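Notes follow once the structure below has been shown.
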Amino acid sequence: LNLDLVRGKGREAANLRTEAENAADAAQRAAAQAAKERAEAAESQRRENRLTEFYELANKAFVADRFSEAETWCRQILLEDPGNEGAISLQRIARQSRHHRADEENRKNYREQWAASTAVKVMGRILHGLTSSAFQRWTVCASACRRVSGVWKALTPRCRRHVGRAGVHEIPAVARG
């Protein structure tokens with residue numbers, strides 16, 4: 001009888017120990033799972049904060065007409081969140097705006113170059129066709145020529161010397177017409 005009682009108590013103690021170990025393992029797993037969930041939530045929050053910051057920077061750059069910078073920030077967003085519709089849309093609009101601005105600047109430069117080349121041709125014909133007495137009656141404002149992009153540089157050295165010396169003179173009727 002004593003032996004059965006001891007064996008029963010031994011089995012009971014072994015079962016209690018197994019249950020305690022299982023409970024400890026379950027508690028460790030639950031704690032690990034909770035820590036993992038907290039870490040994932042914190043990482044998710046950091047990621048969201050980073051994406052929000054990138055989007056704000058992209059938007060500020062776009063509003064300030066820094067379209068290339070806005071595109072760069074949108075690319076950063078899309079590296080972390082490839083399906084982000086807001087970043088895709090802003091990147092597309094920034095790219096179009098950048099190209100539109102470049103087109104306008106090119107048109108402006110072409111117009112200035114055309115005007116300068118036309119003015120140079122006209123001024124060159126007028127200056128080369130004038131006699132020295134007619135040239136002295138002709139008004140040429142050297143500072144105005146210098147302000148027009150490319151006109152001053154495109155004049156021949158002879159014309160630049162005459163214009164530089166002439167300063168402001170009276171424009172002959174043939175030159176006005």
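A quick note: this is a predicted structure, and the numbers were derived from the prediction, not measured.
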- Task: Give the intermediate values and the outcome of side-chain hydrogen bond (donor to acceptor under 3.5 Å, both in side chains) for residues His100 and Glu104.
- Result: CA-CA 6 Å; His100 180 70; Glu104 286 185 4; 2.6 Å; yes
- Note on the structure: Arg92 meets the salt bridge (charged side-chain N to carboxylate O under 4.0 Å, His left out) criterion, sequence neighbours left out, with none
- Would you say the side chain of Val63 lies within less than 4.5 Å of the side chain of Lys60, judging by non-hydrogen atoms? no
- Query: CZ of Arg111 to CH2 of Trp114: how many Å apart, nearest 0.5 Å?
  - Reply: 13.5 Å
- Query: Do the side chains of Arg95 and Arg98 get nearer than 4.5 Å, heavy atoms only?
  - Reply: yes
- Task: Name all residues meeting the side chain to side chain contact (heavy atoms under 4.5 Å, CB included) criterion together with Arg75; count only those two or more places apart in sequence or in a different chain, and write none if there are none.
- Result: Glu71, Thr72, Gln91
- Query: Please, which pairs that meet side-chain hydrogen bond (donor to acceptor under 3.5 Å, both in side chains) have at least one residue in residues 42-51, sequence neighbours excluded?
  - Reply: Glu43-Arg46, Gln45-Asn49, Arg50-Glu80
- Message: Using every non-hydrogen atom in the two residues, find where Ala61 and Ala70 come nearest and quote the distance to one decimal.
- Response: CB-N, 3.7 Å
- Please go through Phe54's hydrophobic cluster and name the other residues, only I, L, V, M, F, W, Y counting, with side-chain heavy atoms under 4.5 Å joining them. Leu51, Tyr55, Leu57, Phe62, Phe67, Trp73, Ile77, Leu90, Ile93
- Note on the structure: Quick note, side-chain hydrogen bond (donor to acceptor under 3.5 Å, both in side chains) partners involving residues 10-33, not counting sequence neighbours, are Gln33-Glu37
- Note on the structure: The remaining residues in the hydrophobic cluster of Ile88, counting side-chain heavy-atom contacts under 4.5 Å among Ile, Leu, Val, Met, Phe, Trp and Tyr, are Leu78
